[in-house]
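Only this structure's heavy atoms are used, side chains among them; waters, hydrogens and symmetry mates stay out. Note that the structure is predicted; figures quoted are calculated from it, not measured.
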Amino acid sequence: MAKKIKIIVESPEQNVVIPAIPLSAAAAILKVVLWGSQYIPASSRDESVQLLLDNRDAILDLVQTSVRELKACEPFRLVEVESGPNRVLIDILG
């Protein structure tokens with residue numbers, strides 16, 4: 001049963017390892033980030049921020065559904081992307 005998500009970004013310049021955090025905590029963090037993004041002044045928003053704000057409810061529904069579905073799965077590697085010397089790994093852990 002999956003319970004946590006772990007993200008690793010490796011590059012020649014720097015490695016970033018985000019420790020495993022509970023899936024529900026990751027969803028809550030995303031919810032706070034989306035909520036807080038509404039306070040970015042309209043004049044400072046780029047297109048990507050506005051797109052997130054316009055679709056906030058759909059994004060949150062998708063994340064909540066995804067967390068619910070992931071919790072029913074065994075641990076697995078969700079993402080593995082390599083581009084030259086750079087690599088991104090996202091693991092779903094038990």
Could you check whether any side-chain N or O of [X] sits under 3.5 Å from a backbone N or O of [Y], counting only pairs where one atom can act as donor and the other as acceptor?
X   : Y   : value
D46 : S48 : yes
S66 : L62 : yes
R45 : L51 : no

Nearest 0.5 Å, what's the [atom1]-[atom2] distance between [X] and [Y]?
X   : Y   : atom1 : atom2 : result
D61 : R56 : CG    : CZ    : 12.0 Å
C73 : K3  : SG    : NZ    : 14.0 Å
R77 : L93 : CZ    : CG    : 9.5 Å

Checking one residue: Y39. Which other hydrophobic residues are in its cluster under the side-chain 4.5 Å linking rule? W35

Apart from V88 itself, members of its ILVMFWY cluster (side-chain separation under 4.5 Å) are I5, I7, V9, V16, I18, I21, L23, I29, L30, V33, L34, L52, I59, L60, V63, V67, L70, F76, L78, V79, V81, I90, I92

K6 vs V17, side chain to side chain contact (heavy atoms under 4.5 Å, CB included): CA-CA, chis, key distance, verdict: CA-CA 8 Å; K6 181 176 182 176; V17 178; 3.9 Å; yes

Return the minimal non-hydrogen interatomic distance between N86 and P12, and the atom names on each side. OD1-CD, 3.4 Å

